[in-house]
Amino acid sequence: SAGGFTVLWLAFSPEMADPKSADPISRESTRLRCVMAFVPQTTLDPKQMQAWIPNNAYGNHAFGLPSMEAFVAKRDELMPWIERFSPYALASKDDPPVLLFYDNAPNLGQPYKDPPHCGNFGAGIAEKLKAVGIEHEINYNNDYAHMKWPDLFGFIKEKLTQ
């Protein structure tokens with residue numbers, strides 16, 4: 001899940017290559033061609049997290065805060081950082097296709113037994129992905145029958161060979 005968050009951050013972040021750098025690695029593009037992630041958190045905004053999953057008490061540690069209550073209290077002060085690192089805030093029309101997997105059905109606004117891995121993170125970002133025009137598919141409960149790419153490697157192969 002943490003890896004999924006990180007890959008979404010990278011996918012939705014602007015290009016970080018420095019074409020003028022003497023370092024050949026620094027000149028390489030940081031843009032991804034596609035993303036496949038399993039149970040990723042999709043926002044760092046504590047109010048958004050709690051709107052999607054009311055019993056969520058996870059995320060404050062990313063900012064070195066002792067509790068979710070402290071995180072919510074400092075939200076406005078932290079918004080520049082939240083907007084810089086939150087996949088939800090970063091998603092834009094020039095971002096790559098996304099395939100997300102959750103092992104539980106979404107139920108926005110309802111508590112969940114394992115908040116950091118809740119399908120509500122997928123449902124929460126789905127409308128944003130649609131609104132900005134990012135090609136995406138979200139699978140809940142391993143329901144592959146409805147998917148465009150039931151063979152997960154078909155998604156990767158298609159996107160990497162385009």
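Owing to the predicted nature of the structure, the values given are computational and were not obtained by experimental measurement.
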Check against side chain to side chain contact (heavy atoms under 4.5 Å, CB included), Arg75 and Phe63: CA-CA 10 Å; Arg75 177 186 179 264; Phe63 295 94; over 6 Å; no
Polar side-chain atom of Lys159 near backbone of Cys34 as donor-acceptor pair, under 3.5 Å: no
Taking all non-hydrogen atoms of both residues, which atom of Val132 and which atom of Lys93 are closest, and how far apart? O-CB, 3.0 Å
Give every donor-acceptor pair under 3.5 Å between a side-chain atom in residues 8-19 and any protein atom, sequence neighbours left out.
residue: Trp9; atom: NE1; partner: Ser13; partner atom: OG; Å: 3.2
residue: Trp9; atom: NE1; partner: Arg84; partner atom: O; Å: 3.3
residue: Ser13; atom: OG; partner: Trp9; partner atom: O; Å: 2.6
residue: Glu15; atom: OE1; partner: Ser29; partner atom: OG; Å: 2.6
residue: Glu15; atom: OE2; partner: Ala17; partner atom: N; Å: 2.9
residue: Glu15; atom: OE2; partner: Thr30; partner atom: N; Å: 2.8
residue: Glu15; atom: OE2; partner: Thr30; partner atom: OG1; Å: 3.2
residue: Asp18; atom: OD1; partner: Lys20; partner atom: N; Å: 3.2

List the atom of Ala126, the atom of Ile138, and the distance in Å for their closest heavy-atom pair. CB-CD1, 3.8 Å
Please report the interatomic distance OG(Ser86) to CZ(Phe5), rounded to the nearest 0.5 Å. 6.0 Å
Is there a side-chain contact between Pro115 and Tyr58, using heavy atoms and a 4.5 Å cut-off? no
Show the nearest heavy-atom pair for residues Ser21 and Ser26, with the distance to one decimal. OG-CB, 3.3 Å
At their closest point, which heavy atom of Tyr140 faces which heavy atom of Gly119, and how far apart are they? CE2-O, 3.5 Å
Distance-only side-chain donor-acceptor flag, Ser92 / Asp94, under 3.5 Å: yes
Partner residues of Phe155 under the ring pair (Phe, Tyr, Trp, His ring centres under 6.0 Å) criterion, sequence neighbours left out: Trp149
With a 4.5 Å heavy-atom cut-off, do Phe101 and Glu137 have their side chains touching? no
Between Gln41 and Pro116 (side chain of the first, backbone of the second, donor and acceptor by atom type, cut-off under 3.5 Å), is there such a pair? yes
Aromatic rings Trp81 and Phe85: how do their planes relate, parallel, tilted or perpendicular, breaks at 30° and 60°? parallel
Strictly under 6.0 Å, is that where the ring centroids of Tyr102 and Phe121 end up? no
One should read off an interatomic distance between Leu90 CG and Thr42 OG1, to the nearest 0.5 angstrom, of 12.0 Å
Verdict with supporting geometry, Val35 and Leu99, side chain to side chain contact (heavy atoms under 4.5 Å, CB included): CA-CA 6 Å; Val35 171; Leu99 183 56; over 6 Å; no
Could you go through Lys130 and Glu135, starting from their C-alpha distance and side-chain angles, then the distance that decides it, and tell me whether this counts as salt bridge (Lys or Arg N to Asp or Glu O under 4.0 Å)? CA-CA 8 Å; Lys130 182 178 178 183; Glu135 180 184 356; over 6 Å; no
Same hydrophobic cluster for Ile125 and Leu108, using side-chain heavy-atom links shorter than 4.5 Å among ILVMFWY? yes
Please give me the minimum heavy-atom distance between Gly109 and Pro54, naming the atom from each residue. O-CG, 3.1 Å
First locate atom CG of Leu44, then atom CG of Asn60, and finally report the distance between them rounded to the nearest 0.5 Å. 11.5 Å
Linking I/L/V/M/F/W/Y whenever any side-chain heavy atoms sit under 4.5 Å apart, do Tyr88 and Phe38 land together? no
Donor-acceptor contact below 3.5 Å, side chain Arg33 vs main chain Gln162: yes
Any chance you could measure Thr43, atom OG1, to Asp45, atom CG, to the nearest 0.5 Å? 5.0 Å
Rounded to the nearest 0.5 Å, what separation is found between the CG atom of Leu65 and the CG atom of Leu78? 6.0 Å
Asn120 side chain vs Ile53 backbone, donor-acceptor pair below 3.5 Å: no
ILVMFWY network linking Met36 to Leu160, side-chain heavy atoms under 4.5 angstrom: yes
Working to the nearest 0.5 Å, report the span between NZ of Lys74 and CD of Glu69. 14.5 Å
Check whether any side-chain heavy atom of Asn139 sits under 4.5 Å from a side-chain heavy atom of Met147, and report yes or no. yes
Could you check Tyr112 against Asn104 for side-chain hydrogen bond (donor to acceptor under 3.5 Å, both in side chains), going step by step and ending with a plain yes or no? CA-CA 10 Å; Tyr112 185 67; Asn104 56 89; 3.2 Å; yes
